[in-house]
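Report on the following structure.
Chain letters run A, B, ... following the sequence lines, proteins first and then strands; every chain starts at 1.
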Protein chains: 4
Amino acid sequence: MRADAAQRREAIITHARHLFAERGGDVALDAVAAASGVGIATLYRNFPSRGDLVHAVVQDIVDQIIHAVDQTQSTLNTDPAAAWKDLLSSLTAMELGALTDGLALQAGAVQDLEATPLAQVQQPAVDALNDLLAELKRRGAVREALSALDVIVAVATITRPQVSPIRGAAPGVPDQLAEAYFLWSRGQQA
Amino acid sequence: MRADAAQRREAIITHARHLFAERGGDVALDAVAAASGVGIATLYRNFPSRGDLVHAVVQDIVDQIIHAVDQTQSTLNTDPAAAWKDLLSSLTAMELGALTDGLALQAGAVQDLEATPLAQVQQPAVDALNDLLAELKRRGAVREALSALDVIVAVATITRPQVSPIRGAAPGVPDQLAEAYFLWSRGQQA
Amino acid sequence: MRADAAQRREAIITHARHLFAERGGDVALDAVAAASGVGIATLYRNFPSRGDLVHAVVQDIVDQIIHAVDQTQSTLNTDPAAAWKDLLSSLTAMELGALTDGLALQAGAVQDLEATPLAQVQQPAVDALNDLLAELKRRGAVREALSALDVIVAVATITRPQVSPIRGAAPGVPDQLAEAYFLWSRGQQA
Amino acid sequence: MRADAAQRREAIITHARHLFAERGGDVALDAVAAASGVGIATLYRNFPSRGDLVHAVVQDIVDQIIHAVDQTQSTLNTDPAAAWKDLLSSLTAMELGALTDGLALQAGAVQDLEATPLAQVQQPAVDALNDLLAELKRRGAVREALSALDVIVAVATITRPQVSPIRGAAPGVPDQLAEAYFLWSRGQQA
DNA sequence: GATGAATGAGCCTTCATTCAT
DNA sequence: GATGAATGAAGGCTCATTCAT
């Protein structure tokens, strides 16, 4: 039974992430519940408020970021350039756009970034990524002026959900931007 | 009073554009009206449906794009690289993000991009930009594989409204992305 | 100029009456103004509130009722049955339905019929018709138990505006009801 | 809770029917909800659009018409005249006026009566009544030229909601019209 | 523990009425 | 005097959240 419940919870998070990434952060929770195959009340039992669900989605993404950073550690010494490229690829595939839009709702009156509960949740990912960036910089694989938050926000910006007619009109753009960002991130001398 | 009304209409469009760019395409029309200093019914007299307002905002942006393209023509022959750089700067400063999000509302059931009334309104801007790109490509100032729509969507993606805590966390990202895109667009043989 | 204004006022009343009769008492005043070929403000100059316009429409109808009653006086002695039939025809052709629906708006909190301003305006018509009915009853042309208000309300009920699909489905009904009412009103002792 | 909900749904339909019949088809849905003792959102859960509520009310009335027709079958052979009289009584007591006004909302652009979803819902009632009328005509109890739709529309017209001051002024009129229509419908050759 | 139903608050839109030219 | 524009109040509908089974 416990396993069942945990599985259900995971399903909700996953579907919520996909929907956030696809349709933006303002999807109705009914839609999330329906997509997850549960009743709306079940969703609320697991996530007492919309913010809690957003929180969980962010946590999920953060875990993935940390995992991706960990993966990179192995090739870091042998081929730092490839390591950076792989990491950026992983991040790009990660639907960080969902993260960005998901925040929208809390943002209302928030002034102080540090105060956001999301900031705290993100911190471990930011820290891990910053450590990695430090290594990469030392090896000249990335630009000096690049912070973990910069990278996360940049990738999120590039991969944010796009209104479908737009996406259809210029489907290659996200890849172009990703390539451009990768080239730029490696630093001067183009 | 006719002049007054026209001025008011312009004010509404301007404020709507700013709000779309700042808070996304789903701002309450009440907020637009309030920001414009008019009652909600006045907004509705000028733009009978939300779609009409979006349409006007898009039109406004399209006009600006065309104007920017025109401005570029003068330096096109003397210094194509500078011309391209200036144009991209202009576009970046133009809040194209508002355009992107504004479309969201119509997008509901839209499958065919060409059918969108917005597509038609955009066409002149796309055509003008494509003509310019052709010239620039001939002069080797930009990558071959770059269409007007690509450029517009890319800039829109980069400058899309960003949730404020995010913006605060990594304020330099849009500029970084713009720079990256500029470098890439010139077609460094990658 | 005075003639012009008076003419305009009449035009508004006439169009209002038609629209009330056609589409019911809840037509937008904008529509009345447009149909009358004047601006909304002109309508309001002539009729400071919606109630005033309704009042004028009722007055107009009342005048027509009185006129119809007067017309009947001539044949009253020679052929009372024909007189009654003609009067009922006239009333039926008079769009009394407009009157009924026009009242709807004032009706909100009205308890006392006598207090209604419309009641007062109607009084002359009611009186004239009652006098005529008295004569007709004396001559056995109509049922004893028939008051002027009964007749007016009955005709108004029969000729009230009908939703178009309904009208299309059974177009003969108003005439059938008019015929039925006429027969009944003569007091055939069934 | 399922039973509870069904009951509530019935309550909404009943109250809507009364309000339509009393105040016309343009009552605020808030009022319907309040009268039914539920919140506005509950009404919308049961009837996603105003049209759906109208539809349900019509369905309710149609059911009653069919029931009334069925009831009549028993006395049809023994006393056709009484059967017809009873049926007309039943219809008159049925608030068909609600039906008529309820249609108003859909009517906007409707040209074709057959296309109306309401038309389809009504069809069974129309068919049943037409069958009965055929029998009655065979027995000479009603006029030849009388269709089911004629009867329904006529009764609806007679019992349509009346603005209260009017009703107060001539309370006997609906009964008078009903009597008149009954007499006429039997086809006394006048 | 899971579910469907209920609710109020909020946004979109219309309309009677007023105002400035 | 006539006009178009402006306005607030009200109704239609949706959605995050709570409740009863």
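- When the side-chain contact (heavy atoms from CB on, under 4.5 Å) test is applied to C:Tyr44, the partners found at least two apart in sequence or on another chain are C:Leu29, C:Ile40.
- For the OP1/OP2 pair of E:dG1 and a distance below 4.0 Å, the side-chain nitrogens and oxygens of A:Asn46 include no atom meeting the criterion.
- Counting to the nearest Å, the P atom of E:dA16 and the CG atom of C:Asp52 are 14 Å from each other.
- When base pairs are accepted only as Watson-Crick or G-U wobble with both N-N or N-O distances under 3.5 Å, DNA chain E takes part in stems of 3 or more pairs at E:2-21 with F:2-21.
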Reading nucleotides 9-15 of chain E from 5' to 3' and marking B where a protein heavy atom lies under 4.0 Å of the base, S where only the sugar-phosphate is that close, and - otherwise, the string is B-SSBBB

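- Regarding contacts with the backbone of F:dG1, every side-chain N or O of C:Arg45 stays at 4.0 angstrom or more from both OP1 and OP2.
- The salt bridge (charged side-chain N to carboxylate O under 4.0 Å, His left out) check on A:Arg8 picks up A:Asp4, with sequence neighbours excluded.
- In this structure D:Ala11 satisfies the side-chain contact (heavy atoms from CB on, under 4.5 Å) test together with D:His15, sequence neighbours excluded.
- Listed here is the closest heavy atom pair of D:Ala98 and D:Ala21: CB-N, 3.8 Å.
- Looking at residues two or more places apart in sequence or on another chain, you find a side chain to side chain donor-acceptor pair (under 3.5 Å) between A:Asp60 and A:Arg17.
- Residue C:Arg8 is in sugar-phosphate contact alone, with no base atom involved, counting any heavy-atom pair closer than 4.0 Å across all strands shown.
- Residue-to-nucleotide proximity on DNA chain E shows that, of A:Leu43 and D:Val38, the 5′-proximal contact is made by A:Leu43.
- Between D:Leu19 atom CG and F:dG11 atom P the separation is 13 Å, expressed in whole Å.
- Here F:dT21 presents its P atom at 12 Å from CD of D:Gln7, a figure rounded to the nearest Å.
- Of the options C:Asp52, C:Val32, C:Val57, C:Val54, a side-chain contact (heavy atoms from CB on, under 4.5 Å) to C:Phe47 is made by C:Asp52 and by none of the others.
- When each of C:Thr42 and B:Gly37 is assigned the nucleotide of DNA chain F bearing its nearest heavy atom, the one mapping closer to the 5' terminus is C:Thr42.
- Atoms CG (B:Asp4) and P (F:dA6) sit 8 Å apart, rounded to a whole Å.
- What you find for C:Leu43 and C:Val38 is that their closest heavy atoms are N-CG2, 4.4 Å.
- In this structure, C:Thr14 has no side chain to side chain donor-acceptor pair (under 3.5 Å) partners at least two apart in sequence or on a different chain.
- Listed by chain and number, the residues in a salt bridge (charged side-chain N to carboxylate O under 4.0 Å, His left out) with A:Arg23 amount to none (sequence neighbours excluded).
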